[in-house]
Amino acid sequence: MTVLKIAPSQEPAVDLSLTYDAVVVGSGAAGGMAAHVLTSQGMKVLLLEAGKKIDINQELRSMEWPYDHPRRGEMAPGSHAIRHNEYTIRQPPYAKKTAFKHVYSYVGGWGGSDYVKNILVDEKDHPYTGTRYAWVRARLLGGKTNIWGRLALRLSDYDFKGKTHDGYGEDWPISYADLAPYYDKVDLYLGISGYKENLPHLPDSLFQRHNKLTASELMLRKGVAKMGRTVTPYRAGVTTDGVKNKYRSKCFGRGACGRRPGGCDIHAAFDSPTGLIYPAMDTGNLTLRTNSIAHEVLVDRNTGKARGVSFVDSQNHRTYEAKAKIVILAASTLESARLLLLSKSRQYPNGIGNSSGHVGHNFCEHVMGPGATGLVKDLVGRESTLDDGRPGGFYVPRFRNLQDKQPGFIRGYGFEGSGGFGIFPDGAFDAPGFGGQFKKTVREHAGAFISMGGFGEVLPRYENYMDLDPVVKDRWGIPVLRFHYQFSDNEKKMCEDMAASAREMLEQAGVEVIGVDRDILTEGWSIHELGTARMGTDPKTSVLNQFQQSHDVRNLLVVDGSSHVSASCQNPTWTIMALAWRSCEHLADEFKRGNV
Ligand SMILES: Cc1cc2nc3c(=O)[nH]c(=O)nc-3n(C[C@H](O)[C@H](O)[C@H](O)COP(=O)(O)OP(=O)(O)OC[C@H]3O[C@@H](n4cnc5c(N)ncnc54)[C@H](O)[C@@H]3O)c2cc1C
Ligand code: SF4
């Protein structure tokens with residue numbers, strides 16, 4: 001098997017005496033997309049990334065078998081991954097007063113993952129304070145896209161026009177028709193696999209070949225169809241038929257992306273460096289500076305416009321200035337809010353772009369935890385098959401509060417799940433027995449389990465917010481975020497329904513239910529943080545306009561999930577990229593006309 005090893009073209013040297021057309025902060029899904037769109041329109045862009053550029057293929061070691069690793073993939077002694085109970089019982093900063101040399105978020109699994117030790121931030125260097133929150137951060141070129149779960153979904157007008165539908169919150173300043181052409185562009189440029197279902201609440205993408213459902217998943221699909229619900233193959237941000245991009249290959253179906261937080265060393269799964277940044281470098285218009293932690297948007301005293309970004313070099317701790325005609329923040333939802341709040345000046349005493357006082361507020365995400373596991377008795381004892389040689393299992397789209405009205409809660413949730421054989425037989429934990437008999441039971445039952453877990457919409461509320469901690473700073477002396485955030489009754493009621501409906505669906509499909517999870521995971525668990533600088537038409541109650549442009553500062557944009565008005569229950573990354581594409585295309589037009 002040939003693993004792609006094409007180096008990106010030589011990038012132009014960083015020249016901080018230049019004034020670039022645009023400076024983009026952050027190189028994940030949002031920043032990568034901004035760099036791609038602007039450079040393809042001929043603009044000269046400087047991309048500042050706080051993390052390193054690492055040899056990601058060497059880091060991921062996608063083809064390594066568990067037994068080839070000295071600790072079966074677990075982190076070295078001295079490192080610690082924060083456990084569920086720590087998040088639940090303690091308050092952040094979670095790495096405070098710990099004896100461990102390195103502390104990471106939960107996402108690598110309880111033993112931590114050796115494959116992400118250089119991808120996730122060390123919580124010791126990057127503390128945060130306030131209410132409990134499981135914050136997962138990846139600081140490197142490409143950000144979280146290096147290890148994301150690949151579920152790539154569109155939003156619909158049930159989401160964009162949520163207020164019109166049920167009266168809560170605010171409608172987005174755009175509708176599905178505005179964004180659909182940009183979802184199409186993202187699909188075609190990056191590749192997405194999936195199966196058309198023609199659902200009004202989960203619009204289809206321009207799909208490439210879909211993954212096959214396993215025997216138990218097909219059984220579930222058939223069973224729940226009678227309830228008017230859908231089990232569809234995982235809509236994966238993965239190219240299964242290939243795309244025109246020399247840095248990426250089509251999917252070989254090895255399932256390595258499903259190992260802990262996965263990643264894909266042939267880049268069939270989308271990641272920002274190979275999907276967006278390296279092709280942008282090939283235009284000759286992109287300059288990249290890694291190890292560059294932006295901490296302030298600089299302002300022209302005369303015009304009040306943004307004039308660049310001040311950043312700290314993470315290695316030598318020196319401060320530099322990058323000058324640009326346009327500043328684009330794409331540091332991820334919470335980090336972009338932090339940057340806006342950090343950028344205080346005479347003109348903007350509450351932080352830049354914050355005349356509304358809404359920066360850091362209206363935070364939303366997805367609530368997780370409830371779900372169910374079942375056993376398909378007919379599949380016990382069958383010969384093993386290669387079920388996990390694919391980039392994902394199945395997805396159950398939202399079915400609540402569409403035509404119906406649930407008594408206890410508004411909005412909805414979807415389920416991610418999978419059934420069949422996997423490299424590690426997850427069901428082993430539920431199998432009875434001891435010694436040889438236990439091993440036999442695990443082998444016989446390994447392919448017969450099916451499980452699913454919910455992702456529910458968390459309502460945006462002004463009272464859920466983040467501000468700057470007045471005392472605590474990170475390793476580079478930059479004030480950290482302080483959380484003031486918790487789930488409301490709506491999320492709690494929704495989770496009760498999630499657990500009940502997961503059970504109900506398995507039963508309806510004739511699957512024996514062997515476990516139902518009812519507990520809600522700590523805030524932040526979904527890694528789908530959104531809001532904090534929402535778009536809107538009213539500058540008094542929103543931060544950005546429909547093109548993610550600051551109401552207060554015309555040449556300042558925030559193109560990541562912080563602009564989202566509500567969370568919907570669909571995973572956000574495809575929407576983040578479609579929105580960034582739309583905004584940056586508009587920006588390039590305005591720039592050419594001299595309107596910015
Ligand atoms: C394990 C995992 C599974 C996931 N699964 C899914 C999924 O299935 N579907 C889905 O839609 N989403 C999923 N996500 C979420 C997805 O990764 C994010 O939605 C997406 O990466 C957001 O893009 P972003 O550009 O806003 O942020 P990021 O990808 O986090 O990129 C932000 C970048 O900005 C940099 N940065 C931060 N602060 C600064 C600063 N001050 N100066 C300079 N640079 C800075 C960071 O280092 C980073 O590189 C998952 C995430 C993880 C970790
Ligand atoms: S299944 Fe496809 S996307 Fe996942 S690691 Fe293998 S090649 Fe990459």
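For ligands, and for the atoms within them, numbers begin at 1 and follow the listed sequence. These numbers come from the heavy atoms of this one structure, side chains and all, not from hydrogens, waters or symmetry mates.
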Original post:
In terms of ring plane angle, is the pair His528 and His366 parallel, tilted or perpendicular, where the classes change at 30° and 60°?
Top reply: perpendicular
Original post:
If you leave out waters, which protein N, O or S atoms are less than 2.8 Å from atom 8 (Fe) of ligand 2?
Top reply: Cys264 SG
Subject >> With Asn146 via side chain to side chain donor-acceptor pair (under 3.5 Å) - residues at least two apart >> reply: none
For a distance cut-off of 3.5 Å, show me each N or O of ligand 1 paired with any protein N or O, plus the separation.
from, atom 1, to, atom 2, distance (Å)
ligand 1, 5 (N), Gly149, N, 2.7
ligand 1, 8 (O), Arg150, N, 3.2
ligand 1, 8 (O), Leu151, N, 2.9
ligand 1, 9 (N), Leu151, O, 2.8
ligand 1, 9 (N), Asn571, ND2, 3.4
ligand 1, 11 (O), Leu151, O, 3.4
ligand 1, 11 (O), Pro572, N, 3.4
ligand 1, 11 (O), Thr573, N, 3.0
ligand 1, 11 (O), Thr573, OG1, 2.8
ligand 1, 12 (N), Thr573, OG1, 2.8
ligand 1, 19 (O), Thr573, OG1, 2.9
ligand 1, 25 (O), Ala29, N, 3.0
ligand 1, 25 (O), Ala30, N, 3.0
ligand 1, 29 (O), Lys144, N, 3.0
ligand 1, 30 (O), Lys144, NZ, 2.9
ligand 1, 41 (N), Ala294, O, 3.0
ligand 1, 42 (N), Ala294, N, 3.0
ligand 1, 44 (N), Ala50, N, 3.0
ligand 1, 47 (O), Glu49, OE2, 2.6
ligand 1, 49 (O), Glu49, OE1, 2.6
ligand 1, 49 (O), Glu49, OE2, 3.2
ligand 1, 49 (O), Leu140, O, 3.0
ligand 1, 49 (O), Gly143, N, 3.3

Original post:
Is any side-chain N of the basic residue among Glu64 and Arg259 closer than 4.0 Å to the acidic one's carboxylate O?
Top reply: no
Original post:
Parallel, tilted or perpendicular: which fits the ring planes of Tyr128 and Tyr94, with parallel below 30° and perpendicular above 60°?
Top reply: perpendicular
Subject >> Carboxylate-amine/guanidinium proximity below 4.0 Å for Lys52 and Glu59 >> reply: no
Original post:
When the aromatic ring centroids of Tyr195 and Phe207 are compared, is their separation below 6.0 Å?
Top reply: no
Original post:
What is the ring orientation for Phe483 with Tyr133, classed by angle as parallel under 30°, tilted 30 to 60°, or perpendicular over 60°?
Top reply: parallel
Original post:
With ring centroids as reference points, do Phe311 and Tyr320 lie under 6.0 angstrom apart?
Top reply: yes
Original post:
Among all residues two or more places apart in sequence or in another chain, which pass the ring pair (Phe, Tyr, Trp, His ring centres under 6.0 Å) test with Tyr115?
Top reply: His69
